[in-house]
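The sequence lines fix the lettering, A, B, ..., with proteins before strands; numbering per chain opens at 1.
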2 protein chains.
Amino acid sequence: MNDDKPAPARPRAPRKDTKQELLQAAARVILRDGVPGLTLDAVATEAGLSKGGLIYHYATKDALIGAMLDQLVDVTDSQVAAYRASDDTPGSWVRGYLKACMLAERDESGTQSRLEMAILAACLNEPALLRRLHKHMREWAAASANDGIDPELAHVVRLAADGLWMNDVFGLPVLEPEERARVLRKLEALTRLGGSAPE
Amino acid sequence: MNDDKPAPARPRAPRKDTKQELLQAAARVILRDGVPGLTLDAVATEAGLSKGGLIYHYATKDALIGAMLDQLVDVTDSQVAAYRASDDTPGSWVRGYLKACMLAERDESGTQSRLEMAILAACLNEPALLRRLHKHMREWAAASANDGIDPELAHVVRLAADGLWMNDVFGLPVLEPEERARVLRKLEALTRLGGSAPE
DNA sequence: AAAACTATACCGGCCAGTCGGTATAGTCAA
DNA sequence: TTGACTATACCGACTGGCCGGTATAGTTTT
């Protein structure tokens, strides 16, 4: 009846990019139900698939979480790179990182940062994932230390960004929005402080 | 052969502080096996008693985790207070907090900080616990903002301490020990910077 | 003997991962 | 063009283990 075979949009048809859709579904689930709520069934349902369908694309739960982690790292790195394209003065890496971490504000109600932390929390369980995460953090630490400004100050700013972003994650915000904004401005200012320092 | 009890060769003496022992056992388990490894059976075994015995003291798992959280907060607060007893200049709260967070170094291989993060991770699962944690964080945020120094700078230092402490948690250290020490010194210096600042 | 404390057995729910099956599309040969 | 065959995508019932919690029967100590 309604079936025109060559037409792309049908109920029962291979999805264009199911894996990406699954990743987003997983993000939605983890934000709504927390880390323990991230079950294969939940993700599958959220994505409009069955568990079998999910498993077809990601053989194990860890594979799914690992893919989320990879994407998170990629996004962060590319955001930093994008920022640096328009700022190559000393401290630009840290400022880019700061911006990347705080992109949350663009989303509705800090969705992004909560997601990031949730992914990290999910990684905590699996040593293999944790190792991958750790590797990336070391790279980030190295990048901030090599940013052309006082390395310790760079670390401080980066760590504070991590801390702020972590705080965001615990449900409601710890800092008031205005105070948070002031802190961010202060952090940014710090990256310009040691920049063209003497010596 | 003095005492060949095949079963738990336990001290028949009335354990007066079993609850405390259980808390410590839970800490050991969580450090060794991670958050998902924190099962009632595991804690009981680690503490040298049965699950029934554990349940007798902590009726539910959440009660156990809650007790761990309370103890963590108490310890932190009392360490801050102890520090301030010998330093009541502006910025003392933040410096005390810094010290409390970094007590890890006194332990063998950052045990303390990893434990703290693990407890937080365990709390992530239960909304009720998360709320309690959140309350404490707000108190800490308020305390740092009221420390007699530039509030934003105080937040920055406190957040960086959180970030550093979080980094420690991911298994191996992200920063080299010397670099870490330099960062700490920088943080401490920052708390004295805005202290008696103009205005 | 009662209270305090501990051990053992068990239940029920949850959840990752399995497996046999179905539907659709593409290929190729007769 | 049609039937045989294969690959891809997906479904959903099922299983097997794990784990929180319960029930109950000891064993000490006071």
Residues within residues 56-63 of chain A bordering DNA chain C, heavy-atom distance below 4.0 Å:
A/Thr60, A/Lys61
Looking only at the side chains, is there a donor atom on one of A/Thr89 and A/Arg95 sitting less than 3.5 Å from an acceptor on the other?
yes
Can you pull the side-chain hydrogen bond (donor to acceptor under 3.5 Å, both in side chains) pairs that have at least one residue in residues 36-53 of chain B, sequence neighbours excluded?
B/Arg28-B/Glu46, B/Arg32-B/Glu46
Using whole Å, report how far CD1 of B/Ile55 lies from P of D/dT24.
16 Å
Here the distance between atom P of D/dT15 and atom CG of A/Leu40, to the nearest Å, is 19 Å
A side-chain contact here means heavy atoms from C-beta on lying under 4.5 Å apart; do A/Trp93 and A/Ser144 qualify?
yes
Taking atom C1' of C/dC15 as reference, at what distance in whole Å does atom CG of A/Leu54 sit?
13 Å
State whether A/Asp147 and A/Arg158 are salt-bridged, where the test is any N-O pair (Lys NZ or Arg NE/NH1/NH2 against Asp/Glu carboxylate O) under 4.0 Å.
no
Is it the case that C/dA16 (base atoms only) and A/Lys51 (side chain only) share a donor and an acceptor within less than 3.5 Å, ignoring hydrogens and angles?
yes
Less than 4.0 angstrom from a charged side-chain N to a carboxylate O is my criterion; do A/Glu176 and B/Arg138 meet it?
yes
Rounded to whole Å, the CG-P distance (A/Asp41 to C/dG13) equals 16 Å
Could you work out, with salt bridge (Lys or Arg N to Asp or Glu O under 4.0 Å) as the rule, every residue matching B/Glu152, not counting sequence neighbours?
A/Arg182
Restricting to side chain to side chain contact (heavy atoms under 4.5 Å, CB included), what partner residues turn up for A/Ser78, sequence neighbours left out?
none
Quick note, side-chain hydrogen bond (donor to acceptor under 3.5 Å, both in side chains) partners involving residues 59-74 of chain B, not counting sequence neighbours, are B/Gln20-B/Gln71, B/Asp70-B/Arg132
Bend across the helix from C/dA1-D/dT30 to C/dA30-D/dT1, to 10°, with axes taken over 5 pairs at each end?
10°
Between P of C/dC5 and CG of B/Leu22, the distance in whole Å:
12 Å
Find the distance B/Leu38:CG to D/dG20:C1' and express it as a whole number of Å.
12 Å
For A/Ala154 and A/Val94 the tightest heavy-atom approach is CB-CG2, 3.9 Å
Nearest whole Å is fine: how far is C/dA23 P from A/Leu49 CG?
17 Å
Could you tell me the separation between the CG atom of A/Leu64 and the C1' atom of C/dG17, rounded to a whole number of Å?
14 Å
A/Ser50 side chain: which of C/dC15, C/dT6, D/dC11 is closest?
D/dC11
